[in-house]
Amino acid sequence: MAQKPSIPKGTRDFSPDEVVKRNYIMDTIKSCFTTYGFQPIETPSFENSETLMGKYGEEGDRLIFKILNSGDYLAKVDDSLYVAKDSLKMTGQISEKALRYDLTVPFARYVVQHQNEITFPFKRYQMQPVWRADRPQKGRFREFYQCDADVVGSNSLWQEVELVQLYDAVFSQLQLKGTTIKMNNRKVLSGIAEVIGEADKLIDFTVALDKLDKIGEEGVKKELREKGISESAIDKVQPLFTASGSASEKLNLLSTLLASSEVGRKGIEELSFIVNAVASLGLQSATLEIDVTLARGLNYYTGAIFEVSAPAGVAMGSIGGGGRYDDLTGIFGLKNMSGVGISFGLDRIYLVLEELNLFPETASAQTKVLFINFGEAEAMYAMNAITQLRLQGISAELYPDAAKMGKQMSYADKRNIPFAVLAGESEIASNTYTLKNMKTGEQDAMDLPSLVKKVQ
RNA sequence: GUGGUUGUAGCUCAGUUGGUUAGAGCGCUUGAUUGUGGUUCAAGAGGUCGCCGGUUCGAACCCGGUCUUCCACCCCA
């Protein structure tokens with residue numbers, strides 16, 4: 001065999017079966033988005049580098065795929081940079097465009113650019129691929145889809161409430177029971193950092209705290225010490241390591257801890273509002289949980305932070321995340337525009353549904369009736385019926401060649417086509433069709449109207 | 001970006017201390033069955049052992065590099 005072609009690391013081909021299943025997830029999400037009043041937009045696969053660079057932290061910049069300039073891209077490079085082999089500085093001179101890293105920053109760019117055409121509050125959804133120059137592992141790809149719903153231009157906490165409901169609606173409709181929507185608030189985290197006197201180390205503090213379930217209490221403390229956070233500060237956050245119980249118990253704990261912090265109290269107030277509203281509205285299948293260690297997410301979150309984890313027992317990172325960012329469009333020059341949004345990780349949801357065997361049968365159904373080809377005259381007779389079936393919205397096809405019958409039958413079998421129709425000389429003579437049920441093996445001759453009725 | 005791991009037929013995988021012609025199951029093709037698939041039986045096709053280089057009389061096997069897979073870290077959906 002000749003050398004096999006291949007695709008880049010971390011990318012995938014999707015075969016018919018997979019595309020059908022992916023469409024099922026996307027259709028479900030899309031219909032929920034629409035039900036909640038979100039409108040679709042799309043943005044380009046690649047943006048100007050300055051739109052993306054610096055928005056995701058230093059780590060993010062490294063993970064952005066840069067697009068090499070066209071033409072003689074080395075001509076513009078400073079000789080000094082070239083000689084020094086300074087890749088970091090040279091990148092800006094040989095690359096002016098980059099592949100989209102997420103959907104939120106392009107959305108912010110979109111809002112600023114189209115601010116005069118948009119009616120606020122603007123609720124948009126967007127389902128498009130994003131790219132990250134990451135090292136792949138399970139559930140982690142270099143090209144993957146995000147499905148985002150964001151509201152921009154409203155400070156109302158009802159948006160957060162609705163987004164929790166939206167998560168619940170999507171996962172319930174996908175029959176994915178037992179998901180946990182973890183919620184925290186950036187203001188609470190700021191409050192904690194403030195109370196322990198480490199306000200300037202907020203990021204280091206939250207990143208370490210976030211790892212609690214992974215590296216344990218001692219691991220977190222160790223990392224805090226390494227980041228230069230004082231022993232007395234660590235003592236003060238001790239209650240957080242063992243926080244458990246109901247949402248109201250956690251809120252009480254936080255109230256005590258953060259009594260002296262104004263921003264902290266504000267965060268608790270927001271969490272309470274959302275928890276109470278969701279509690280009285282009820283959720284179908286998801287659980288809303290306050291997780292004070294939840295700190296993930298990008299640095300621009302300012303209020304609520306969400307993360308959805310798959311049902312217990314499924315080894316998978318988060319399948320969704322989101323939060324409130326008070327000033328995302330500020331970086332593009334539009335001030336005082338608050339946004340809040342959530343994201344669904346399509347590819348990970350797929351893996352979870354696959355693992356739990358939750359794809360419905362219909363997600364793989366396709367052609368319903370295959371007409372066996374016996375020759376030219378018979379094919380014409382079959383095509384008459386096929387045309388009628390298709391007009392009725394029934395997917396039907398003719399085997400294109402007058403191949404051996406066994407081959408045609410096994411084609412129907414392999415493609416899981418539920419009905420085969422045999423129409424040869426004798427059927428033509430009596431103006432009938434022999435319909436065979438591939439599952440039971442039963443077959444009967446009938447006229448066209450009966451056939452249509454039978455396969456509907 | 002750091003450390004580790006994986007690669008043999010279309011697929012899932014065997015392959016002994018380095019030794020002559022690299023195997024199995026499933027799948028595929030053909031026939032038993034010229035108007036009947038899924039079961040059965042028989043026969044057959046299919047491999048540059050990821051790629052490049054090195055050690056050796058001799059390499060799927062040992063060594064180096066590279067790509068890929070998966071995993072941990074970092075970070076994240």
Side-chain angles (χ1 to χ4, degrees), chain A residues 1-12 15 25 29 56-64 87-88 100-104 127-148 203 206-208 210-211 214-215 219 223 294-299 306-310 315-323 341-352 370 372-375 378 399 402-428 434-443 445:
Chain A
M1 193 188 348
Q3 197 173 5
K4 273 191 206 170
S6 63
I7 55 176
K9 175 169 35 177
T11 65
R12 293 142 312 149
S15 297
I25 298 174
I29 295 174
Y56 310 99
E58 199 180 321
E59 188 70 11
D61 283 356
R62 184 171 65 79
L63 297 177
I64 291 173
S87 305
L88 212 59
R100 185 199 299 134
Y101 177 88
D102 73 354
L103 299 179
T104 307
M127 316 208 308
Q128 291 189 278
V130 302
W131 295 269
R132 294 184 188 178
D134 208 352
R135 200 179 276 209
Q137 22 177 305
K138 182 175 180 142
R140 182 178 230 184
F141 309 99
R142 300 215 291 186
E143 177 184 61
F144 62 97
Y145 270 73
Q146 284 189 334
C147 309
D148 277 27
I203 300 291
T206 52
V207 166
D210 185 56
K211 295 178 189 165
K214 208 171 194 171
I215 60 178
E223 183 158 335
L294 174 62
R296 294 185 152 190
L298 305 163
N299 300 336
F306 298 110
E307 182 170 304
V308 183
S309 48
M316 181 62 63
S318 61
I319 54 177
I342 57 174
S343 179
F344 291 82
L346 170 69
D347 303 82
R348 287 188 176 179
I349 293 170
Y350 182 102
L351 291 171
V352 172
L370 177 76
I372 304 298
N373 189 331
F374 287 106
E378 292 89 342
Y399 193 90
K404 279 191 197 166
M405 208 177 150
K407 188 171 172 135
Q408 300 192 43
M409 292 300 284
S410 89
Y411 174 80
D413 196 47
K414 272 176 208 141
R415 283 198 44 201
N416 260 313
I417 296 172
F419 296 102
V421 169
L422 287 71
E425 264 178 58
S426 60
E427 281 89 353
I428 294 176
T434 297
L435 176 69
K436 173 167 174 138
N437 182 321
M438 294 298 285
K439 209 164 192 173
T440 62
E442 288 164 17
Q443 60 183 63

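Each chain gets a letter, A, B and so on, in the order its sequence line appears, and its residues count up from 1. Only a predicted model underlies this, so the values are computations on that prediction, with no experimental measurement involved.
One donor-acceptor pair, N or O on each side, does fall under 3.5 Å between the base of B:U36 and the side chain of A:K436. A donor and an acceptor atom never sit less than 3.5 Å apart when one is taken from the side chain of A:D413 and the other from the base of B:G38. No N or O donor and acceptor, one from the side chain of A:S410 and one from the base of B:G38, sit under 3.5 Å apart. Contact annotation: side chain of A:E427 to base of B:G35, donor-acceptor pair present below 3.5 Å.
B:C67 and B:C57 have their P atoms separated by 32 Å, given to the nearest Å. Rounded to the nearest Å, the gap between the C1' atom of B:U40 and that of B:A22 is 30 Å. Only the P atoms considered, B:G3 is 16 Å distant from B:C74, to the nearest whole Å. Spacing of P atoms, B:C49 relative to B:U20, comes out at 15 Å, to the nearest Å. With C1' as the reference atom, B:A42 and B:U48 are 33 Å apart, rounded to whole Å. Atom name C1', nucleotides B:G27 and B:C11: the rounded distance is 7 Å, in whole Å. On the P atoms, B:U21 is 28 Å away from B:C26, given to the nearest whole Å. Going from the P atom of B:A32 to that of B:U17 covers 48 Å, rounded to whole Å.
Minimum interatomic distance between A:K9 and A:P136 (heavy atoms only, all atoms of both residues): CG-CG, 3.5 Å. Between A:I372 and A:M405 the shortest heavy-atom distance is CG2-CG, 4.1 Å.
Take A:Y399 and apply the ring pair (Phe, Tyr, Trp, His ring centres under 6.0 Å) test, not counting sequence neighbours, and it matches A:Y411. With sequence neighbours left out, the side-chain contact (heavy atoms from CB on, under 4.5 Å) criterion links A:Q443 to A:T434, A:K436. For the ring pair (Phe, Tyr, Trp, His ring centres under 6.0 Å) test, residues two or more places apart in sequence or in another chain that qualify with A:F344 are A:F33, A:Y167, A:F171. By the ring pair (Phe, Tyr, Trp, His ring centres under 6.0 Å) test, A:F374 pairs with no residue at all, sequence neighbours left out.
Counting heavy atoms from C-beta outward, A:L346 and A:I349 have side chains that stay 4.5 Å or more apart.
Base contact: A:K439 has a heavy atom under 4.0 Å from a base atom.
When the side-chain nitrogen and oxygen atoms of A:K404 are compared with OP1 and OP2 of B:G35, none of them lie within a distance under 4.0 Å. Distances shorter than 4.0 Å separate some side-chain N or O of A:K214 from OP1 or OP2 on B:C73. Dashed line: the shortest gap from a side-chain N or O of A:K407 to OP1 or OP2 of B:U29 is not under 4.0 Å.
A:Q408 places a side-chain N or O within donor-acceptor distance of the main-chain N or O of A:N373, the cut-off being under 3.5 Å.
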Close N/O contacts between protein and nucleotides 3-6 of chain B (under 3.5 Å):
{"unit_1": "B:G3", "atom_1": "O6", "unit_2": "A:R135", "atom_2": "NH1", "d": "3.1"}

Strand RNA chain B in bracket notation, Watson-Crick/G-U under 3.5 Å with | for pairs to another chain:
((((..(..((((.....[...)))).(((((.......))))).....(((((..]....))))))..))))....
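Atoms CG (A:L294) and P (B:A77) sit 11 Å apart, rounded to a whole Å.
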